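Before any comments, here is the structure.
Nothing here was measured: the structure is a model prediction, and the numbers come from that model. Each ligand, and each atom within it, is numbered from 1 in the order the structure gives.
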Amino acid sequence: MERLDKLLAATGRWSRKEAKALIKSGRVLVDGQRPNGPEDKVPPEALLTLDGRPLAADRYTYLMLHKPPGVVSSTQDPRDPTVLTLLPPHLQKTGLFPVGRLDKDAEGLLLLTNDGPLAHRLLSPRRHVDKVYYVETEGSLTPEDQQALAQGVTLRDGTLCLPARLERLEAPQTALVTIQEGKYHQVKRMLAAQGKPVRRLKRLAMGPLTLDPQLPPGAWRPLSQKELAALHALEE
Ligand code: URA
């Protein structure tokens with residue numbers, strides 16, 4: 001059993017204060033009934049609705065974060081601030097973790113959730129979920145680099161990568177790189193193997209999720225119902 005206001009705030013859509021106000025307004029029903037108040041205890045199987053529409057079909061939290069450089073994609077770190085420090089305190093305690101890491105100096109789209117099974121499926125090497133990165137490199141990117149990535153680059157330690165897409169952009173040291181796997185430092189290592197070290201790396205998309213252009217670095221928002229549905233559709 002969990003407090004109703006706490007449950008609503010854990011979706012990331014409202015602060016605790018906003019959740020309390022929403023409940024008091026009578027717009028939230030629990031199994032079709034108006035609750036007594038924000039502190040009502042609610043069983044896990046109860047159906048919550050807002051204005052008659054089911055609220056967060058399940059009780060997991062899904063947030064899109066625009067990771068800035070300088071924070072680490074983990075839940076704890078002895079030295080550096082983690083991505084969790086960018087969230088309000090009430091969301092730091094909901095067991096959220098990043099799905100697929102970004103290096104400390106990398107930026108862009110990061111999905112945070114406490115839905116372990118979904119994260120597992122998204123990260124499964126068998127699933128080949130596309131990740132799209134914007135890169136800036138030292139040295140101009142060439143059609144040969146494009147071809148090498150399309151064929152599958154062999155990293156300096158001998159690891160063979162699956163075919164990847166490199167789409168050169170107007171500035172010769174910039175490109176979009178799409179990979180289907182998530183090896184450690186993969187984009188940096190693939191381009192280093194081509195003699196084109198990466199200077200800037202920004203993730204723009206992961207599977208059906210694309211970085212919201214309205215979200216400045218360091219900001220986050222809950223996933224929309226449409227984004228959630230797309231993620232769940234990917235699971236089947
Ligand atoms: N590839 C990298 O090299 N670094 C990242 O953070 C993500 C992909």
Side-chain angles (χ1 to χ4, degrees), residues 63-77 79-87 96-113 118-142 145-146 148-169 171 173-212 215-220 231 234:
L63 308 179
M64 175 186 292
L65 173 77
H66 185 161
K67 178 195 174 300
V71 295
V72 292
S73 303
S74 54
T75 52
Q76 280 183 322
D77 194 88
R79 269 191 317 273
D80 296 306
T82 71
V83 287
L84 290 189
T85 62
L86 299 168
L87 303 178
L96 293 172
F97 58 89
V99 181
R101 292 180 168 215
L102 278 175
D103 297 335
K104 182 179 164 191
D105 61 354
E107 55 199 296
L109 173 67
L110 198 62
L111 169 65
L112 296 171
T113 186
L118 174 99
H120 190 74
R121 284 187 290 267
L122 271 173
L123 297 176
S124 158
R126 279 182 297 119
R127 227 162 254 269
H128 298 177
V129 172
D130 278 355
K131 269 87 55 182
V132 184
Y133 296 87
Y134 164 79
V135 295
E136 290 177 13
T137 53
E138 275 170 41
S140 299
L141 293 158
T142 62
D145 295 323
Q146 197 162 359
L149 262 71
Q151 279 166 3
V153 170
T154 304
L155 302 180
R156 286 180 172 156
D157 66 357
T159 308
L160 182 64
C161 295
L162 287 175
R165 210 166 100 97
L166 186 144
E167 188 186 328
R168 289 183 301 138
L169 300 174
Q173 299 180 336
T174 64
L176 297 180
V177 174
T178 306
I179 58 173
Q180 337 165 23
E181 45 190 349
K183 299 187 195 301
Y184 184 63
H185 293 327
Q186 182 162 346
V187 176
K188 288 179 184 165
R189 287 160 78 210
M190 285 194 316
L191 289 167
Q194 291 298 114
K196 310 283 162 65
V198 170
R199 277 192 290 139
R200 185 174 174 205
L201 185 67
K202 179 175 182 178
R203 181 153 62 202
L204 302 179
M206 182 169 78
L209 294 184
T210 52
L211 180 63
D212 184 340
L215 216 50
W220 61 275
L231 270 191
L234 192 80

Side chain, backbone, both or neither: the part of Ile179 lying under 4.0 Å from ligand 1 by heavy atom: neither
Does Leu201 reach ligand 1 with a nitrogen or oxygen that is under 3.5 Å from one of the ligand's nitrogen or oxygen atoms? no
So with a 6.0 Å cut-off around NE2 of His128, is the heavy-atom count from everything else above 12? yes
Regarding Gln194 and Asp145, do their side chains bring together a donor and an acceptor under 3.5 Å, going by distance alone? yes
Can you tell me the protein heavy atom closest to atom 1 (N) of ligand 1 and the distance? Val187 N, 3.1 Å
Within ligand 1, which atoms have a heavy atom of Tyr133 less than 4.0 Å away? 7 (C), 8 (C)
Under 4.0 Å between a side-chain nitrogen and a carboxylate oxygen: does that hold for Arg189 and Asp157? yes
For the residue pair Arg199 / Gln173, report whether a side-chain donor-acceptor contact shorter than 3.5 Å exists. yes
Is the number of heavy atoms from other residues, nucleotides or ligands under 6.0 Å of Arg200 CZ greater than 12? yes
Backbone or side-chain N or O of His185 under 3.5 Å from ligand 1 N or O: yes
Using a strict 4.0 Å cut-off to heavy atoms of Leu102, name the atoms of ligand 1 that fall inside it. 6 (O)
Please identify which atoms of ligand 1 are closer than 4.0 Å to at least one heavy atom of Asp103. 2 (C), 3 (O), 4 (N), 5 (C), 6 (O)
Any Leu155 side-chain heavy atom under 4.5 Å of Cys161 side chain: yes
